[in-house]
Amino acid sequence: MVKSIFVGNLAWSAEDDDLRNFFAECGTVIRVRIMKDQETGRSRGFAFVDMDADEADAAIETLNGKNLMGRPATLSEAKAREPRRS
DNA sequence: GTTGAGCGTT
């Protein structure tokens, strides 16, 4: 099972590989996607990371507030697109 | 050569 992690407070120069390496130390990164402006091509400052549920939970608690590209990363479970509950 | 709260796309 995979879980989506919301990553905020990203550096403008952050790329998918940077986030992948950042999360890779806590588990296996399945998918990394940085939200970038489609018109300007610049980073919006946040991204989403898909990892195994156990590893994602561990990553959020372990890498949350850690130093990412010189800035404290804001990690949280993504829940905006598909809400829980039926 | 910028900015900074925020939840996406095949």
Side-chain angles (χ1 to χ4, degrees):
Chain A
M1 195 60 192
V2 311
K3 194 181 288 189
S4 300
I5 308 173
F6 173 78
V7 187
N9 202 32
L10 286 179
W12 312 113
S13 307
E15 53 184 322
D16 52 353
D17 196 29
D18 293 313
L19 291 175
R20 191 173 66 164
N21 287 327
F22 185 72
F23 284 93
E25 60 181 302
C26 249
T28 305
V29 178
I30 303 173
R31 176 69 129 120
V32 178
R33 195 136 74 132
I34 300 179
M35 291 283 123
K36 302 196 277 189
D37 197 84
Q38 200 166 9
E39 298 183 15
T40 65
R42 274 165 208 194
S43 173
R44 277 191 184 173
F46 70 98
F48 290 94
V49 179
D50 294 335
M51 295 179 64
D52 185 77
D54 297 334
E55 298 178 338
D57 184 69
I60 292 175
E61 292 194 41
T62 305
L63 304 175
N64 184 27
K66 275 290 183 63
N67 184 60
L68 175 57
M69 294 193 74
R71 292 181 191 177
T74 304
L75 308 182
S76 170
E77 182 184 350
K79 45 170 100 154
R81 210 182 185 254
E82 298 187 23
R84 262 335 141 110
R85 238 60 56 166
S86 312

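All heavy atoms count here, side chains included; hydrogens, waters and symmetry mates do not. Residue numbering restarts at 1 for every chain, and letters A, B, ... go by the order of the sequence lines.
Residue I30(A) is found in a hydrophobic cluster whose other members, listed by chain and number, are V2(A); membership requires side-chain heavy atoms under 4.5 Å apart, directly or through intermediates. Listed by chain and number, the hydrophobic cluster partners of I5(A) are V7(A), L10(A), L19(A), F22(A), F23(A), V29(A), V32(A), I34(A), V49(A), M51(A), I60(A), L63(A), L68(A), M69(A), L75(A), where partners are ILVMFWY side chains within reach of under 4.5 Å, directly or through others.
For V7(A) and R42(A), each mapped to the nucleotide of DNA chain B holding its nearest heavy atom, the one lying further toward the 5' end belongs to R42(A). A residue-by-residue look at S76(A) and A11(A) shows that A11(A) has its nearest nucleotide of DNA chain B further toward the 5' end.
Contact record, C26(A) with A59(A): SG-CA, 3.7 Å, taken as the closest heavy-atom pair. Closest heavy-atom contact between P72(A) and G65(A): CB-O, 4.0 Å.
Checking dG6(B), dC7(B), dG4(B) against the side-chain heavy atoms of W12(A) singles out dG4(B) as nearest. Taking the side chain of A78(A) as heavy atoms from C-beta on, and the options dG6(B), dG4(B), dC7(B), the nearest nucleotide is dC7(B). Taking every side-chain heavy atom of R71(A) into account, dG4(B) is the closest of dG6(B), dG8(B), dG4(B). Taking the side chain of M35(A) as heavy atoms from C-beta on, and the options dT2(B), dC7(B), dG8(B), the nearest nucleotide is dG8(B). Considering only side-chain atoms of F48(A), the nucleotide from dG6(B), dT3(B), dC7(B) that sits closest is dC7(B).
Crowding of E25(A) atom CD: a count of heavy atoms from other residues, nucleotides or ligands under 6.0 Å exceeding 12.
For the pair Q38(A) CD and dT10(B) P, the interatomic distance rounds to 8 Å; values are reported in whole Å. Atom-to-atom, CE of M69(A) to C1' of dG4(B) comes out at 15 Å; the value is rounded to the nearest Å. As rounded to whole Å, 19 Å separates atom P of dT10(B) from atom CD1 of I30(A). The CG atom of L10(A) sits 15 Å away from the P atom of dG6(B) (whole-angstrom rounding). F46(A) places its CZ atom 7 Å from the P atom of dC7(B), with the value rounded to the nearest Å. Put simply, CG on D37(A) is 17 Å from P on dG6(B), counting in whole angstrom units. In this structure, D50(A) atom CG and dG8(B) atom P are separated by 14 Å, rounded to whole Å. Going from atom NZ of K36(A) over to atom P of dT10(B) covers 14 Å, rounded to whole Å.
Contacts of I34(A) with the nucleic acid, taken as non-hydrogen atoms under 4.0 Å apart, are absent.
Base orientation of dG6(B): syn (glycosidic angle within 90° of 0).
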